[in-house]
Amino acid sequence: MEARELAEQRRQTIAVAAIELVEGIRRLFPDAVIKASEPFEDEDICVTVYGPWDDEALETVRQQIYELEFQAYQRHGVEAIVKALPLSYLPE
C-alpha cells in the first residue's frame, strides 16, 4: 500500500473515532457545548466540552469522558484528549 493510501486510511479512522467520541459526549451530556481545540502534543483528536457542571460534578464528568477517550483508543488506536470545563469558561 502506498504512503498516500495509508495516510488517507488513517485520516478516515480518525474521523470515525471523532464522530463516535462526539456522539458519546452528546449522549452523556446533551446540554454540553463541544468545540474543537488546538492540537495538544501528539493527540489525534482534541476537543473541549463546556457544560453546566459545578466543581463537585466536574470530576465525575471527566471520568466519564476519560472512558470515552479510552474506547476511542481501544477501537481505533486513536489518541484523544477532551477537556471538560464549566460553561462559565466558554469564550463568547
Side-chain angles (χ1 to χ4, degrees):
M1 196 177 286
E2 287 185 34
R4 188 184 336 198
E5 290 172 342
L6 288 173
E8 180 61 27
Q9 187 177 37
R10 180 70 179 154
R11 282 191 292 272
Q12 290 174 357
T13 299
I14 292 169
V16 168
I19 290 167
E20 289 178 3
L21 180 65
V22 169
E23 286 177 348
I25 293 168
R26 283 267 175 243
R27 273 192 302 278
L28 289 172
F29 313 108
D31 296 332
V33 176
I34 303 169
K35 296 205 173 254
S37 299
E38 290 294 320
F40 182 78
E41 294 184 6
D42 293 335
E43 305 297 330
D44 297 306
I45 303 168
C46 299
V47 177
T48 303
V49 179
Y50 303 91
W53 309 302
D54 59 19
D55 290 337
E56 280 185 35
L58 197 53
E59 187 57 37
T60 301
V61 167
R62 287 181 175 150
Q63 183 59 40
Q64 291 173 309
I65 288 173
Y66 175 75
E67 290 173 20
L68 293 174
E69 293 170 338
F70 188 69
Q71 287 173 9
Y73 183 76
Q74 282 188 311
R75 288 184 186 150
H76 304 287
V78 171
E79 298 280 344
I81 188 164
V82 180
K83 295 179 188 176
L85 299 169
L87 279 172
S88 59
Y89 284 79
L90 182 65
E92 293 183 31

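Predicted model, so just to flag it, every value in this text is computed and none were measured.
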Asker: Are I45 and I65 joined in one hydrophobic group, where the rule is that I, L, V, M, F, W and Y side chains link up if heavy atoms are under 4.5 Å apart?
Answerer: yes
Asker: Assigning hydrophobic clusters by single linkage (Ile, Leu, Val, Met, Phe, Trp, Tyr; side-chain heavy-atom cutoff under 4.5 Å), is V49 placed with L87?
Answerer: no
Asker: Quick check: closest heavy atoms across P86 and W53, and the distance to 0.1 Å?
Answerer: CB-O, 3.7 Å
Asker: CG/L68 to CG/L21 distance, rounded to the nearest 0.5 angstrom?
Answerer: 6.0 Å
Asker: With a cut-off of 6.0 Å (strictly less than), are more than 12 heavy atoms of other residues, nucleotides or ligands near CD of E56?
Answerer: no
Asker: Check whether L85 and I25 end up in the same hydrophobic cluster, where Ile, Leu, Val, Met, Phe, Trp and Tyr are linked by side-chain heavy atoms less than 4.5 Å apart.
Answerer: no
Asker: Calculate, to the nearest 0.5 Å, the distance between atoms CD1 and OG1 belonging to I34 and T48 respectively.
Answerer: 10.5 Å
Asker: Is R75 close to V16 at the side-chain level, that is, under 4.5 Å between some pair of heavy atoms?
Answerer: no
Asker: Please name the pair of heavy atoms, one in F40 and one in C46, separated by the smallest distance, quoted to 0.1 Å.
Answerer: N-SG, 3.3 Å
Asker: So how far is it from R10 CZ to Q12 CD, rounded to the nearest 0.5 Å?
Answerer: 12.0 Å
Asker: Can you hop from V78 to V22 via hydrophobic side chains spaced under 4.5 Å?
Answerer: yes
Asker: Just by modelled atom types, is the A84 backbone N or O under 3.5 Å from a matching donor or acceptor in the R62 side chain?
Answerer: yes
Asker: Show your reasoning for whether side-chain hydrogen bond (donor to acceptor under 3.5 Å, both in side chains) applies to H76 and E20.
Answerer: CA-CA 10 Å; H76 304 287; E20 289 178 3; 2.8 Å; yes
Asker: Could you check whether R26 pairs with E23 (Lys NZ or Arg NE/NH1/NH2 to Asp/Glu carboxylate O, under 4.0 Å)?
Answerer: no
Asker: Any chance you could measure E8, atom CD, to L6, atom CG, to the nearest 0.5 Å?
Answerer: 11.0 Å
Asker: Is L58 reachable from L28 through a run of I, L, V, M, F, W or Y residues, each pair having side-chain heavy atoms under 4.5 Å apart?
Answerer: yes
Asker: Say you draw a straight line from OG1 of T13 to CG of D44; how long is it, rounded to the nearest 0.5 Å?
Answerer: 9.5 Å
Asker: If you draw a 6.0 Å radius around CG in D54, do more than 12 non-hydrogen atoms from other residues or ligands fall strictly inside?
Answerer: yes
Asker: Rounded to the nearest 0.5 Å, how far does OG of S37 lie from CD of E43?
Answerer: 11.0 Å
Asker: Examine distances only and state if a side-chain atom of E67 and a backbone atom of Q64 form a donor-acceptor pair shorter than 3.5 Å.
Answerer: no
